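Numbers for residues simply follow the sequence, beginning at 1. From a predicted model like this one, the values you see are computed outputs, not experimental measurements.
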Amino acid sequence: MLAEQVRSGLAETSHEGAVAVVGRDGSVVASSGDIDRPFYIRSSAKPFQATISQEAGAELTALQMAMGCASHRGFPVHIALVESMLEQAGLGEAALGCPPDWPLGNTAREMTMASGASGKRRIWHNCSGKHAAFLRACVASGWPTETYLSPDHPLQREIIHFISELGEYPAEPVGIDGCGAPVLRTTARAMALLFAQLAAEPRLQGAFTAMHRYPALVGGNGAGDTEIAIATNSAAKGGAAGCLGVAVDDRLGIAVKSWDGLGTVAGLAAVSALEQLGCLTVAALDALQPVLHPPVLGGGAPVGSYEPRLRLEPG
């Protein structure tokens, strides 16, 4: 069990999932639940996708790399950075293959609507930074931009091969993610190995540094992955349907999957795992209390909280 939902003293819902902790040598340090059950890694794959874009010639600055790894909230800083990524490649918003959307962040969405925006835009989609990095790589490598989301596109083939090799698990067959990009198969064990490599492999240093240096670009203040990266010496990336990976600098990779798909549960399980592994200082644990004990709301006010129940087993 990862967590219980406790309302007014009554534990009414339990949340199951899997947690894997893997060392840089690929050994399982600790685990909980079925760490070999397949699922889609969703946006937790972005650091690895952005790395391949960079190697294909995207020439991303550290800020742009953070956006390539991001599920951004759609604030003006996020949009300006994605615009710069496209403009430098001689492209416009129309080249983006992600669907039109409103900003993901509540405050950013309210600001956008209050400004008189008449409809959704592709650049507001939370994955637009990843897509802009894809497009820059295609322009640099002479690959077609119109079909860059096809699983058979040269860029996507490179990504699929890289993630399969790095995680020692076949990423195919792929599905289609919410943003239209190929979504890759994984397990908690394989995902933890990916994040252990993100923590230690020089080839991935650019992504790790950007994510740790600019965590509010990668997610948003208050988000579990952003707060973990702020409070610890790590990079963290959440994904839809309850995925979250943590790369603890030069030490460990942690993967969490909530089977009921709740990001709040994945976040608190990741913090609980970090605490049990001795990776949190007193100050870090204090700062991460809102992630470890997210509130349960009733009538718009807190009436309880999610409580961690994770128990890691060695090896």
Side-chain angles (χ1 to χ4, degrees), residues 1-7 9 11 14-15 17-24 27-33 44 47 66 69 73 188 191-192 195-196 198-200 205 207-238 242-258 262-297 301-315:
M1 184 190 299
L2 299 185
E4 286 182 335
Q5 182 177 320
V6 180
R7 189 188 302 267
S14 62
H15 300 277
V19 178
V21 183
V22 170
R24 56 187 298 180
S27 61
V28 176
V29 175
S31 67
S32 176
S44 295
C69 298
R73 268 36 180 188
M191 183 175 161
F195 277 82
L198 179 60
Q205 187 62 47
F208 179 93
T209 299
M211 294 171 69
H212 184 44
R213 187 177 294 170
Y214 305 113
L217 294 181
V218 174
N221 290 332
D225 53 3
T226 293
E227 296 304 317
I228 288 169
I230 290 172
T232 66
N233 192 15
S234 67
K237 185 69 193 76
C243 298
L244 199 153
V246 183
V248 183
D249 188 26
D250 205 32
R251 290 181 58 193
L252 298 168
I254 302 170
V256 180
K257 170 62 177 176
S258 167
L262 290 180
T264 51
V265 170
L268 72 84
V271 175
S272 179
L274 287 164
E275 181 183 15
Q276 292 179 51
L277 293 164
C279 296
L280 299 180
T281 64
V282 172
L285 182 58
D286 183 62
L288 290 169
Q289 286 301 305
V291 181
L292 186 61
H293 301 282
V296 173
L297 301 181
V303 295
S305 64
Y306 289 89
E307 296 299 320
R309 297 290 182 260
L310 173 68
R311 296 292 179 267
L312 290 176
E313 298 294 332

Does any part of the side chain of L310, heavy atoms only, come nearer than 4.5 Å to the side chain of Q276, both counted from C-beta? yes
Heavy atoms of F208 and D249 approach each other most closely as CZ-CB, 3.6 Å
Would you compute the distance between atom CG of L2 and atom OG of S32 and round it to the nearest 0.5 angstrom? 6.5 Å
With a 4.5 Å cut-off on side-chain heavy atoms, are H15 and E4 touching? no
Audit row: V21, L277, side chain to side chain contact (heavy atoms under 4.5 Å, CB included) steps and yes/no: CA-CA 9 Å; V21 183; L277 293 164; 3.8 Å; yes
CG of L312 to CD of E275: how many Å apart, nearest 0.5 Å? 10.5 Å
Over all atoms of both residues, closest heavy-atom pair of V256 and A269: CG1-CB, 3.8 Å
For G23 against A196, the heavy-atom pair lying closest together: O-CB, 3.7 Å
Full working for side chain to side chain contact (heavy atoms under 4.5 Å, CB included) between L252 and C279: CA-CA 10 Å; L252 298 168; C279 296; 4.3 Å; yes
For A3 and V265, work out which heavy atoms get closest and say how close. CB-CG1, 4.4 Å
Value rounded to 0.5 Å, distance of OG in S305 from CZ in R7: 11.0 Å
Are the side chains of V271 and L280 in contact, using a 4.5 Å heavy-atom criterion? yes
Strictly by modelled atom types, are H293 and E307 linked by a side-chain donor-acceptor pair under 3.5 Å? yes
Do I254 and V22 come within less than 4.5 Å of each other through their side chains, counting heavy atoms only? no
S31 side chain vs A20 backbone, donor-acceptor pair below 3.5 Å: no
One should read off an interatomic distance between K257 NZ and L244 CG, to the nearest 0.5 angstrom, of 11.5 Å
Nearest heavy-atom pair of A207 and P47: which atoms, and what distance? CB-O, 3.9 Å
Could you report the tightest heavy-atom contact between A284 and A231, atom names first, then the distance? CB-O, 3.4 Å
Does some side-chain heavy atom of V248 sit less than 4.5 Å from a side-chain heavy atom of F195? no
State the CG-OG distance between L288 and S272, to the nearest 0.5 angstrom. 11.5 Å
With a 4.5 Å limit on heavy-atom distance, are the side chains of M191 and S44 in contact? yes
Are side-chain heavy atoms of P294 and L268 found at a separation under 4.5 Å? yes
With rounding to the nearest 0.5 angstrom, report the CE to CG distance, M211 to L217. 11.5 Å
Do S234 and I228 come close enough that some side-chain heavy atom pair is under 4.5 Å? yes
